[in-house]
Amino acid sequence: MSGFYHIVTYGCQMNVHDSEKIAGMLKELGYESTQKIEEADIIVFNTCCIRENAENHAYGNIGMLKKLKAANKNLIIAVGGCMPQQIGKADVLHKKFPYVDIIFGTHNLNDFKNLILKKRESKKAVVEIVGGNGDVCEGDNPYRTSYPNAWVNIMYGCDNFCSYCIVPYVRGRERSRQPQNIVAEAKQLIADGYKEITLLGQNVNSYGKGIDGASFPSLLKQIAEIEGKFRLRFMTSHPKDFSEELVKVIASYGKICNNVHLPVQSGSDRILKAMNRRYTSAEYLKKIEILKKYIPDCTVTTDIIVGFPGETEEDFRATMDLVKQVGYSSAFTFVYSPRQGTKAAAMENQVPEEVSKARIMELIELVNSLTRVQSAGYVGKTCEVLCEGYDDKKDMFLGRDEYGRMGYFKCENNPIGQFVNIKVTEANGISLYGKII
Ligand code: 5AD
Ligand code: SF4
């Protein structure tokens with residue numbers, strides 16, 4: 001049996017890549033992709049539970065499928081990923097949405113193909129959540145959808161237990177892939193024509209724990225030494241493990257982009273301690289200083305949470321000051337969302353919603369103003385972008401430069417997958433506009 005599949009992905013890049021793995025399995029079963037959810041024979045929701053609104057989003061969308069299911073009895077609906085992996089959540093989902101056919105957790109991802117086969121044999125819903133710490137997946141066969149970039153997992157899980165974060169509970173303990181397998185995958189991707197490789201892990205800096213001789217700087221070096229023109233990126237780094245050795249490796253290889261994502265979360269030492277981040281704002285700033293010493297043009301992006309339990313006006317001001325001091329090129333900003341089972345969810349002094357909202361607005365305004373100033377500095381300059389797509393609304397091609405800035409331009413031929421030099425003529429917020437030279 002074959003037909004069409006449609007995957008709805010929530011959350012981070014890790015999930016985007018997991019969806020590529022799900023798509024790979026569906027292709028192996030003979031399904032083809034469709035953008036139209038109504039014509040799908042199998043619909044997969046790859047969920048995220050990092051904040052409450054991601055969960056609510058998924059609930060809303062799964063709820064809307066009841067009608068489709070009633071109209072097509074053969075439709076298979078699967079809900080997987082981080083949401084069902086939470087303790088007790090699979091049962092909640094099963095009760096709330098009895099028409100969902102397959103419920104699976106993050107640790108069952110590699111077994112998804114078998115779950116579909118099982119469902120085809122049975123009228124009952126297949127609910128499978130494996131507990132424990134998760135395994136290491138080598139040699140999967142993702143159906144990649146982000147050419148010219150390719151995502152590559154180097155490790156799974158997280159051991160950090162930041163007090164607000166549910167990831168260690170749903171993604172299991174930190175475990176790394178074998179370096180030779182990662183390098184072989186990267187070589188094959190370059191040979192296949194991919195022009196950018198992004199290494200993925202919750203905390204890439206602690207890559208290699210438990211593997212003799214493996215470390216993140218050494219892995220980066222091995223990949224950067226692969227022949228051919230391509231870019232190398234990685235995410236996410238934990239500041240406590242971000243080392244001078246790593247900075248030196250970034251500085252010595254042109255292929256490794258001078259753009260680092262280093263989530264700070266807060267500028268207040270009191271809050272950082274309560275978050276269990278294991279660095280102070282001064283230690284964080286020292287890392288930035290080292291980065292700028294070796295790579296003066298390196299841009300830095302970050303994640304920030306406002307409204308963590310007990311965050312005072314003074315704590316928030318410390319965050320604003322740190323943001324100004326670092327001069328981030330952009331930042332992902334979040335209102336703290338209590339996650340059941342985490343330490344922070346049980347803390348007193350939860351910050352009122354209206355206070356958090358006012359703080360995030362102020363923070364976003366500051367981040368946008370930093371971005372605007374930096375974008376304006378590009379006007380008149382030439383930058384090399386890797387063309388990654390076409391924007392229908394703007395009727396222009398688009399691509400990112402090494403620093404992560406998006407540039408739009410017109411081109412007669414299709415340059416997707418090519419490096420293109422553009423002269424920037426205009427900057428608008430985060431976006432640059434230019435002409436090919
Ligand atoms: N509430 C708000 N933001 C969160 N993040 C993680 N957990 C939470 C939470 N409970 C943010 C952090 C992290 C990013 C991926 O999501 O900033 O770096
Ligand atoms: Fe969550 Fe902290 Fe691990 Fe990042 S490092 S995934 S924020 S626990």
Side-chain angles (χ1 to χ4, degrees), residues 9-18 47-57 81-83 85-86 106 133-134 153-176 198 200-207 209 216 234-242 260-268 271-279 284 287 300-311 316 319 322-323 326 328 330-347 350-351 353 355-357 359-360 363-364 367:
T9 308
Y10 303 87
C12 62
Q13 305 311 334
M14 194 77 77
N15 261 18
V16 171
H17 187 41
D18 282 353
T47 63
C48 167
C49 63
I50 201 153
R51 282 171 293 276
E52 197 183 356
N53 53 8
E55 284 200 320
N56 290 343
H57 230 121
C82 296
M83 233 169 112
Q85 189 70 42
Q86 298 169 88
T106 45
N133 292 330
N153 283 120
I154 63 166
M155 60 190 301
Y156 303 93
C158 180
D159 285 351
N160 285 316
F161 288 93
C162 300
S163 63
Y164 50 81
C165 186
I166 198 156
V167 168
Y169 302 92
V170 292
R171 291 266 177 191
R173 293 292 68 70
E174 228 170 77
R175 51 216 190 267
S176 297
T198 308
L200 291 177
Q202 308 296 349
N203 180 14
V204 292
N205 307 103
S206 56
Y207 167 79
K209 259 194 218 165
F216 187 55
F234 55 88
M235 64 195 303
T236 290
S237 292
H238 193 301
K240 78 176 162 56
D241 302 315
F242 191 79
V260 174
H261 186 62
L262 203 57
V264 68
Q265 313 296 2
S266 170
S268 152
I271 296 294
L272 286 170
K273 191 152 195 282
M275 286 177 161
N276 191 31
R277 290 292 288 176
R278 285 172 280 173
Y279 54 82
Y284 181 91
K287 305 255 171 174
V300 186
T301 57
T302 200
D303 293 345
I304 300 169
I305 298 175
V306 301
F308 184 84
E311 184 188 72
F316 176 63
T319 299
L322 183 135
V323 169
V326 176
Y328 293 109
S330 72
F332 296 99
T333 53
F334 308 103
V335 168
Y336 166 71
S337 168
R339 304 284 64 210
Q340 210 183 354
T342 61
K343 279 211 167 137
M347 286 178 186
Q350 301 282 327
V351 174
E353 202 182 318
V355 174
S356 297
K357 277 199 176 144
R359 285 181 188 163
I360 201 162
L363 178 60
I364 290 172
V367 170

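Atoms within a ligand are numbered from 1 in the order they appear, just like the ligands themselves.
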Task: Neighbour count above 12 (heavy atom, 6.0 Å) for F332 CZ - done: no

TODO: Apply side-chain hydrogen bond (donor to acceptor under 3.5 Å, both in side chains) to the pair Y336 and E311, showing each step before the final yes or no.
DONE: CA-CA 10 Å; Y336 166 71; E311 184 188 72; over 6 Å; no

Task: Sphere of radius 2.8 Å around atom 2 (Fe) of ligand 2 - protein N, O or S atoms inside - done: C162 SG

Output, or 'none' if empty, a list of ligand 1-protein atom pairs in which both atoms are N or O and the distance is under 3.5 Å, rounded to 0.1 Å.
from     : atom 1 : to   : atom 2 : distance (Å)
ligand 1 : 1 (N)  : S337 : N      : 2.9
ligand 1 : 3 (N)  : R51  : NH1    : 3.4
ligand 1 : 5 (N)  : R51  : NH1    : 3.4
ligand 1 : 10 (N) : Y164 : O      : 3.0
ligand 1 : 10 (N) : S337 : O      : 2.8
ligand 1 : 16 (O) : R51  : NH1    : 2.9
ligand 1 : 17 (O) : Q265 : OE1    : 2.6
ligand 1 : 17 (O) : Q265 : NE2    : 3.4
ligand 1 : 18 (O) : Q265 : NE2    : 2.9
ligand 1 : 18 (O) : D303 : OD2    : 2.7

Open item on the list: Tell me if a side-chain donor or acceptor on N205 pairs with a main-chain N or O of H238 at a distance below 3.5 Å.
Closed with: yes

Open item on the list: The criterion is salt bridge (Lys or Arg N to Asp or Glu O under 4.0 Å); which residues satisfy it with R51, sequence neighbours excluded?
Closed with: none

Open item on the list: Looking at S163 and A274, would you say the former's side chain and the latter's main chain have a donor-acceptor pair under 3.5 Å?
Closed with: yes

TODO: Answer yes or no: are there more than 12 heavy-atom neighbours, outside K343 itself, under 6.0 Å from its atom NZ?
DONE: no

TODO: Mark yes or no for whether Q86, through its side chain, and M83, through its backbone, hold a donor-acceptor pair below 3.5 Å.
DONE: yes

- [ ] Any chance you could lay out the side-chain hydrogen bond (donor to acceptor under 3.5 Å, both in side chains) test for E174 and S206, step after step, and finish with the verdict?
- [x] CA-CA 9 Å; E174 228 170 77; S206 56; 2.8 Å; yes

Task: Min side-chain heavy-atom separation N276-R278 under 4.5 Å - done: yes

TODO: Distance to 0.1 Å, residue and atom name: give those for the protein heavy atom nearest to atom 7 (S) of ligand 2.
DONE: Y164 OH, 3.3 Å

Task: Qualifying salt bridge (charged side-chain N to carboxylate O under 4.0 Å, His left out) pairs with a residue from residues 163-173, counting only residues at least two apart or across chains - done: D18-R171, D159-R173

